[in-house]
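Since the structure is predicted, the reported quantities are computational estimates derived from the model, not experimental observations.
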Amino acid sequence: MRIAIVSAPAARREIPDYISALAKGMQSMGHRVDIINAWTEDGMRLPGYEYIAVVSEPQSIFSGRISEKITKILGAGSSLVGKKSAAFIKKAGFCSNRALANLMKAMEKEGMYINWSDILFNPPHAEAMGKYIGA
């Protein structure tokens with residue numbers, strides 16, 4: 001299965017290690033995985049994937065807000081209605097559950113079908129979660 005991981009870390013930096021671990025877990029199950037950085041790419045390629053995993057971080061330790069780049073990249077990819085997807089938030093601070101709910105609302109607004117969601121604690125946990133995608 002072709003899977004896109006849309007990464008939107010709180011800071012504009014390289015792809016974090018937990019996202020690489022998530023991709024490694026998916027690849028170990030035989031999936032073809034591409035990581036799309038929301039800060040540097042647009043969402044025009046998203047309709048070509050069979051499954052989309054969106055990974056973000058809360059903007060601060062006391063905020064449940066997610067990056068505005070998530071809504072922009074999902075809005076740019078037309079025809080995401082009914083697309084199977086997963087929502088993941090990196091555990092950071094006290095409002096990770098609220099951030100996950102906000103991420104899921106943004107994805108559902110675009111018509112995506114979310115069949116998996118979780119909070120990622122560390123890279124080994126992310127790799128384990130990646131093995132469940134598409135199974």
P16 side chain reached by K90 side chain, heavy atoms, under 4.5 Å: no
Within 6.0 angstrom of Y113 OH, more than 12 heavy atoms from elsewhere: no
Heavy-atom check, side chain of I3 versus side chain of I52, under 4.5 Å: no
For G48 against R2, the heavy-atom pair lying closest together: O-NH1, 3.2 Å
Geometric cation-pi criterion K83 and Y51, 6.0 Å radius, 45° cone: no
Under 3.5 Å side-chain donor-acceptor pair for Y49 and D34: yes
Expected output: side-chain H31 to main-chain I133 donor-acceptor under 3.5 Å: yes
Close side-chain approach of M129 and Y18, heavy atoms under 4.5 Å: no
Exceeds 12 heavy-atom contacts within 6.0 angstrom, atom NZ of K84: no
N122 side chain reached by D17 side chain, heavy atoms, under 4.5 Å: no
Main-chain N/O of L22 paired to E127 side chain as donor or acceptor, under 3.5 Å: no
Minimum side-chain heavy-atom gap V54-M107 below 4.5 Å: yes
Check: M1 main-chain N/O paired with R32 side-chain donor or acceptor under 3.5 Å: no
Shortest non-hydrogen contact between F88 and A53, atoms and distance: CE1-CB, 4.3 Å
Check: P58 and R98 side chains under 4.5 Å, non-hydrogen atoms: no
